[in-house]
Amino acid sequence: MNKEELLKKLTLISVEGKTVKDLYGEISAACMEEIVKTWDEKPARNAYYLSVEFLMGRMFFNNLMELGVLNEVRNIFAEKGFDLNRFEEVEDAALGNGGLGRLAACYLDSAAGTGYALHGYGIRYRYGLFRQRFENGFQKEEADDWLKWGDPWSVRKESEKRTVRFADMDVTAVPYDMPVLGKRVNTLRLFQAEGSERAEKISEYLYPADDTEEGKLLRIRQEYFFSAAAVGERIDEYVKVYGGRFDRFPEFNVLQLNDTHAVFSVAEFLRILTQEYKVSFGRALQLARKTFHYTNHTILPEALECWDEELVSRILPEIAAILKKLQVFAAREWQKKGCGKSEQDEMSVLRNGRFSMANAAVFVAEHVNGVAEIHTKIIKERLFSAAYKYYPEKFLNVTNGVTQRRWLMLCNEELSALYDGIFGTGWREDLSLLSAENFLRAGGAEQLAKIKRAKKKQLAEYIAKSEGITPMPDAIYVSQVKRLHEYKRQLMTAFAILRLYYAMKAGELADFVPMTFIFGAKAASGYRRAKAIIKYINEIAFKINSDAEMQGKLQVIFVQNYDVSYAEKIIAGSDVSLQVSTAGFEASGTGNMKLTMNGAVTVGTMDGANIEIAQQTGLRNNYIFGATVEELARINESYDPSEIVGRSPEIKAVTDTLIDGTFSDGGSGDFKELHTALFQGASWHKPDHYFVLYDLEQYVSALLKMNSDYRNAGAFARKQAENALNSAFFSSDRAIATYAEKIWKIDRAQ
Ligand code: 26Q
């Protein structure tokens, strides 16, 4: 890339009479012109990340940073009287729901950043994840019209479009390529569905749920659409060079399935080889088993995809037939291995008229991985225990990671500059060069505390501007930012806040350091209890924030439309990270890593990657509480939440607010429903399925311990420093290097 050339070009752009959108388009286009010249040739062996979601976030600042021109361009336009931060109005492309989609984006970033040829395949949704507004405390959803800003960072490849066939229609898949910048320039290829009004529907909306409550034909169409386009393209490219013998296909193509959402690509691969190239089913399967790898991201039963055979047969009869045949082949293999009947049932691809996409993936994939140590243990011992027994060599753990380029260098320039001063700039490419010891010796803790104050101030200003409420300047900023889900237990945080509130009203907690709780979360539009929890927290926020006695003491803010760009601000400006899922439910979490990287201490449970975070950064620097997986397994049968409220008038007072009229749910009955779920059970779950009340007391104690530790500013800064400086393991550079070495067997470009 010719940096001088680019800067010259940018200098020539005039700002007179132009809108933010005009300038955004022009500057981006000028950068793209340079980028496409350097778009790398692919090496022989490439890995492909097949994901129905890529939550890329705003590309502008990231790409300018990667091009090494961000500061110069800032200055060039500042001189012209235009503040580049105006581009903060530009909406992100939110083509993902949450963790899984953002992980895909971090992985593309790290692969390009460290020089691995990893490319993405996905869907170019016309509308991304809905934009969230609160109306009287209720979540309202609005379409995310991200294209109104144009799409200057991708290139439509008209000549590379292809046809995807369904029984009832043909659909054209038109690729849009987005360069992913780093040491290499890789490609994220998103397919847009075209050809007819019905066809276009396929890529119109991202499914706004992170579970599958409503199994839908449209979802199957989406999954097959991009899976078939991707695999069809890989096969065509191969055949062009090597012809119709597929022996060497796995040598050049590594296909990583981001959860089961792309498992149709396996069936499509088998279909093309057997039907179009007359390869035998057995041989095609052998090849598939050297090509595909599967990552599991959830053990929630409602999120494990099972599709009705009838449904799949209706629109994809050949694919249904292939999946059935897969079941027959698998059963034959299991028979040979001597698997018992119940084991075979547990592993079956087709059972009771439903295809299990996870079992298909596990059977075919060469590798199956979980995303944190505890999660991998759970999939080995519980979710896929039979498969683990017969195919132990397939299973491995790759703990998730996050890219320090976006989640440190971009969102926390101040901390990054401090690191440069102490360590030189090498840490930017190798986070493990950070040393807590050297940092502390250089007086880093005090500096970090100063930076944290600055980032809190920036965050407070941003929240004030966006939400119309100003966070207290000297409070502890305590954040819980993630999708709204019962297992993530935002409701438990709400109860904990109420406990603190009532205690203070009763004149207790004299030494309490002021706290501002910051929530960010979207609820799936059809997930009633999740929406009720949002309303409940907003009611609590309203009550506490308007209570004169709480001024300067306690504050609750639920930000609207939490997205990647908002995350960048909250993550840099938080003192405390809340990671309080029910043990065994959060596969990994990645927000926990981002917050740790920015020096927040964790108040959290022994779940997902929290466990590894505590190991890496030290138990003494965090506040780990609550029941472990083992403990929950032990008490599960006998657990009775009403016993807890019977014992504790404080907890009773708090849960009663769901039904005693303290807060209004607008007459919807939603709060009552939350209460019912806690004490009677709901959705075929036992009472308090997520052990909210079981862990509540310990949660409050952990918060109070943290609060009292905060009084010792020096010691607390040291904790924050040890968290930030020991977070290298959670770089997605490490995760990608592990995938590359253990699963993909690909090398870094020299
Ligand atoms: C499936 C079928 C139909 C409609 C929607 C879905 C669907 C969509 C999204 C199912 C699941 C998801 C997303 C799951 C997810 O984000 N899981 C998270 O993955 C992260 C990255 O590994 C982990 O850190 C989180 O712990 C995990 O919850």
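Whatever order the structure lists ligands and atoms in, that order sets their numbers, starting from 1. Owing to the predicted nature of the structure, the values given are computational and were not obtained by experimental measurement.
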A.B. asks: Less than 4.0 Å is my threshold; does some heavy atom of Lys216 fall inside it relative to ligand 1?
C.D. replies: no
A.B. asks: For residues Ala143 and Tyr127, report the shortest heavy-atom separation together with the two atoms involved.
C.D. replies: CB-CD2, 4.0 Å
A.B. asks: Less than 4.0 Å is my threshold; does some heavy atom of His375 fall inside it relative to ligand 1?
C.D. replies: no
A.B. asks: With the threshold set at 4.0 Å, does a side-chain nitrogen-carboxylate oxygen contact exist between Arg219 and Glu223?
C.D. replies: yes
A.B. asks: Could you walk me through whether Glu310 and Arg314 pass the salt bridge (charged side-chain N to carboxylate O under 4.0 Å, His left out) test, one step at a time?
C.D. replies: CA-CA 6 Å; Glu310 188 273 320; Arg314 202 186 313 159; 3.2 Å; yes
A.B. asks: Salt bridge check, Arg131 against Glu91: does any charged N sit closer than 4.0 Å to a carboxylate O?
C.D. replies: yes
A.B. asks: In ligand 1, which numbered atoms sit nearer than 4.0 Å to a non-hydrogen atom of His261?
C.D. replies: 1 (C), 7 (C), 8 (C), 9 (C), 10 (C), 11 (C), 12 (C)
A.B. asks: Within a distance under 4.0 Å of any heavy atom of Ala587, pick out the atoms of ligand 1 and give their elements.
C.D. replies: 26 (O)
A.B. asks: Which of these, Arg219, Glu586, Glu305, has its nearest heavy atom closest to atom 6 (C) of ligand 1?
C.D. replies: Arg219
A.B. asks: Any nitrogen or oxygen of Tyr207, main chain or side chain, under 3.5 Å from a nitrogen or oxygen of ligand 1?
C.D. replies: no
A.B. asks: Please determine if Glu223 has a nitrogen or oxygen closer than 3.5 Å to a nitrogen or oxygen of ligand 1.
C.D. replies: no
A.B. asks: Who's closest to atom 14 (C) of ligand 1 heavy-atom-wise, of Val52, Leu100, Ile299?
C.D. replies: Leu100
A.B. asks: Heavy atoms only: which of Gly591, Gly608, Gly589 is nearest to atom 24 (O) of ligand 1?
C.D. replies: Gly589
A.B. asks: For ligand 1, which atoms sit closer than 4.0 Å to a heavy atom of Ala209?
C.D. replies: 5 (C), 7 (C), 8 (C), 9 (C)
A.B. asks: Would you call Tyr107 a ligand 1 contact, heavy-atom distance under 4.0 Å?
C.D. replies: no
A.B. asks: Judged by non-hydrogen atoms, does Thr298 sit under 4.0 Å from ligand 1?
C.D. replies: no
A.B. asks: How does Ser588 reach ligand 1, if at all, at less than 4.0 Å between non-hydrogen atoms: by side chain, backbone, both, or neither?
C.D. replies: both
A.B. asks: Parallel, tilted or perpendicular: which one describes the rings of His685 and His689, with boundaries at 30° and 60°?
C.D. replies: parallel
A.B. asks: Should the pair Phe395 and Phe384 be assigned to parallel (<30°), tilted (30 to 60°) or perpendicular (>60°) ring geometry?
C.D. replies: tilted
A.B. asks: Numbering the atoms of ligand 1 from 1, which are under 4.0 Å from a heavy atom of Glu53?
C.D. replies: 8 (C), 9 (C)
A.B. asks: Identify, by atom number and element, the atoms of ligand 1 in contact range of Tyr487, meaning under 4.0 Å from any of its heavy atoms.
C.D. replies: 28 (O)
A.B. asks: Classify the ring geometry of His485 against Tyr487: parallel below 30°, tilted from 30° to 60°, perpendicular beyond 60°.
C.D. replies: tilted
A.B. asks: Between Arg126 and Asp145, is the closest basic N to carboxylate O distance under 4.0 Å?
C.D. replies: yes
A.B. asks: Using a heavy-atom cut-off of under 4.0 Å, does the side chain or the backbone of Thr295 touch ligand 1, or both, or neither?
C.D. replies: neither
A.B. asks: For Tyr121, does the six-membered ring have the charged nitrogen or CZ of Arg189 within the cation-pi criterion, i.e. under 6.0 angstrom from the centroid and within 45° of the normal?
C.D. replies: no
A.B. asks: Could you go through the side chain to side chain donor-acceptor pair (under 3.5 Å) check for Ser227 and Ser265 one step at a time?
C.D. replies: CA-CA 5 Å; Ser227 302; Ser265 63; 4.8 Å; no
